[in-house]
2 protein chains.
Amino acid sequence: MSSTTRRAYHHGNLREALLDAAEQSIEASGPRGLSIRGLARAVGVSHAAPNSHFPDRQALLDALARRGFERLGDLLEQACLSADVVQSSLETRFRGTMAAFVKFATDHPELLDLMFVRKRANHDPSSQLEAAANAALNPISRLIDEATGAGILAPGDRGRQWYLLAALTRGIAALVLSGDIQPEAIETLLTDATATFLRGNAPDP
Amino acid sequence: MSSTTRRAYHHGNLREALLDAAEQSIEASGPRGLSIRGLARAVGVSHAAPNSHFPDRQALLDALARRGFERLGDLLEQACLSADVVQSSLETRFRGTMAAFVKFATDHPELLDLMFVRKRANHDPSSQLEAAANAALNPISRLIDEATGAGILAPGDRGRQWYLLAALTRGIAALVLSGDIQPEAIETLLTDATATFLRGNAPDP
DNA sequence: ACCTGAACACCGTTCAAGT
DNA sequence: ACCTGAACACCGTTCAAGT
C-alpha cells in the first residue's frame with residue numbers, strides 16, 4: 001500500500017512533484033535558472049506535460065510563492081506561541097518573530113524574493129496568493145494588539161505600528177540577503193531593532 | 001558638430017546605447033523580459049554585437065546596477081545637502097534621505113531590485129559594482145556621525161545604528177514595491193520611522 | 001577593435017493526437 | 001483528464017569571417 005505513493009508519479013501526483021522540483025531548482029540557481037522543460041526532465045515526463053497543471057510558467061511560480069507563504073505563516077505562528085509557553089516577555093516574542101522571518105529568508109532566499117515580487121508583475125488582490133500572503137503575516141498583527149493591551153505599546157494607530165514592524169523585519173531580511181550585513185551582526189541587529197521599535201513606540205509616561 | 005553625437009551610433013557609442021535601451025526594457029518588463037537580442041534589435045545592430053562590449057548577459061546587468069548606484073548616491077547626497085541649506089533640523093534630514101531612497105525605489109523598481117540582488121549570484125567584493133554600492137550609501141553614515149556629534153544620537157556603535165537605519169529604509173522601499181502598503185500611508189510611515197529611529201536611539205538623559 | 005552571419009543548444013507555448 | 005511529440009518563434013553564446 002505504501003507503493004501507491006511511490007508509483008503513482010504520472011497520475012495525480014505530477015503537480016506536487018513539479019513544485020518540489022521547482023523549489024529545489026530555484027534555490028540552486030534562482031528563478032531565472034528555472035525552466036519548465038528542465039522540471040519535466042527531472043520528473044520524467046514530456047516537456048509539455050506541466051501544461052496540464054499550470055497554464056504557464058508564471059502560474060507555477062505563483063503556486064510556489066503560495067506554498068512559501070503557508071510555510072512562512074506556520075513559522076511565524078510557532079515563533080509567537082513557543083515564546084508564549086516559556087512565559088517570555090513580550091520583547092522576546094517580538095524579537096523571536098522577527099528572527100523567524102529572517103531565518104526563513106536565509107533558508108530560502110530565492111523563494112522569499114519570489115513571494116514578495118507580486119504586485120509588480122501579477123496583481124490580482126483576490127487571488128489565493130494574496131490571501132496566503134495576508135494570512136502569513138497575521139501573527140505580527142496579533143503581537144501588536146497584545147502589546148497594546150499590555151500597555152507596552154502606545155494605543156495609537158495599529159496600522160502605523162504594523163507598517164513600522166513590517167518594514168524593520170523585511171529590511172533586516174533584505175540586508176542579510178543582499179550581503180550588506182556581516183552574518184555575525186544579525187543577532188545584534190535583531191535585538192537593536194526590537195528595542196528601538198518598542199522604545200520608539202512606548203506610551204508616554 | 002552636433003552631428004557627431006547623433007551619427008556615431010555604431011562606433012564607440014554602442015555600449016551606452018545598449019545600457020540606455022536596457023534600462024528602458026527593464027522598467028517596462030522586468031529583468032526577465034530583457035534580452036540581448038532584443039536590445040541589439042532596438043539599437044539596430046546584429047544580435048552578436050553586444051558581445052563586443054559585454055562578455056555575457058550578467059555583465060550587462062551588472063553595468064546597469066552600477067549606473068543605478070551612482071545615480072542613487074547622487075540623490076541621497078542631494079537629499080542631505082539641500083535639507084542642510086534650508087537649515088532644517090536633523091530629523092528632517094533623516095527623513096529626507098529615507099524619502100529620497102524610497103522615491104528612487106518607486107521611480108525605478110526593477111533597477112533597484114537588480115542593484116540589491118548582488119551577493120547571491122555575483123559576489124566579487126573588489127568589483128566596481130561593490131565599490132559603487134558602498135559609495136552610494138555613504139550619506140547615511142555621514143548623517144549618523146553628524147547626529148552623534150550634535151548629541152541627538154547616542155554615541156554607541158556607529159555600525160549598529162547604520163544597520164538599523166539601512167534596514168528601515170530598505171524595508172519601507174520593500175513594502176512599497178511589493179504593494180504591501182497603501183501609497184497614501186508612505187509619508188506617514190517615513191515620519192514614523194524617523195521618529196522611532198531617533199527616539200529609540202537617543203542618548204539617556 | 002568592432003561588428004556580422006551562421007551555427008548550436010537551449011527555451012515557453014500551442015496543438016493535434018493518443019490513452 | 002492527463003500526457004505525448006512535433007512545430008513555432010524565440011533565447012544566449014561561440015566563432016570564423018569581414019572591415
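Note: hydrogens, waters and symmetry copies are ignored here, and every other heavy atom, side chains too, is used. Worth saying up front: this structure is predicted, and the values here are computed from it rather than measured.
Within 4.0 Å of B/Arg41, counting heavy atoms only, lie sugar-phosphate atoms of the nucleic acid but no base atom. Nucleic acid contact class of A/Arg57 (heavy atoms, under 4.0 Å, all strands): sugar-phosphate only.
Between the CG atom of A/Asn13 and the C1' atom of D/dA1 there is a distance of 16 Å, given to the nearest Å. Taking atom CZ of B/Arg37 as the reference point, atom P of C/dG5 lies 12 Å away to the nearest angstrom. Atom CD of B/Gln58 and atom P of D/dC11 are 18 Å apart (whole Å). In this structure, the CG atom of A/Asp56 is 8 Å from the P atom of C/dT14, given to the nearest Å. Straight-line distance from the CD1 atom of A/Ile36 to the P atom of C/dC11: 11 Å, rounded to whole Å. A straight line from CG of A/Leu39 to P of C/dT13 spans 13 Å, rounded to a whole angstrom. Here D/dC10 presents its P atom at 17 Å from CG of B/Leu34, a figure rounded to the nearest Å.
Taking both residues in full, the closest heavy atoms of B/Pro155 and B/Thr148 are given as CA-CG2, 3.5 Å, listed atom of the first, atom of the second, then distance. When all heavy atoms are compared, the tightest approach of A/Phe197 to B/Thr196 is CA-CG2, 4.1 Å.
Taking the centre and axis of the six-membered ring of B/Phe116, the NZ or CZ atom of B/Arg170 falls inside the cone set by 45° and 6.0 Å.
Residue A/Glu91 forms a side-chain contact (heavy atoms from CB on, under 4.5 Å) with just one option from A/Thr191, A/Ile152, A/Thr194, and that option is A/Thr194.
A donor-acceptor pair is defined here as one N or O able to donate and one able to accept, closer than 3.5 Å; no such pair exists between the side chain of B/Arg32 and the backbone of B/Ser29.
For the segment residues 46-54 of chain A, residues with any heavy atom less than 4.0 angstrom from an atom of DNA chain C are, sorted by number, A/His47, A/Ala48, A/Asn51.
At most 12 heavy atoms of other shown residues, nucleotides or ligands fall within 6.0 angstrom of atom CD in B/Gln24.
C/dT13 is paired with D/dA7 under the criterion used here, namely a Watson-Crick or G-U wobble arrangement in which both key atom distances are under 3.5 Å. Base pairing annotation: D/dA1 forms a Watson-Crick or G-U wobble pair with C/dT19, both donor-acceptor distances under 3.5 Å.
Ion pair B/Asp20/B/Arg67 flagged as a salt bridge, since at least one NZ, NE, NH1 or NH2 atom sits closer than 4.0 Å to an Asp/Glu carboxylate oxygen.
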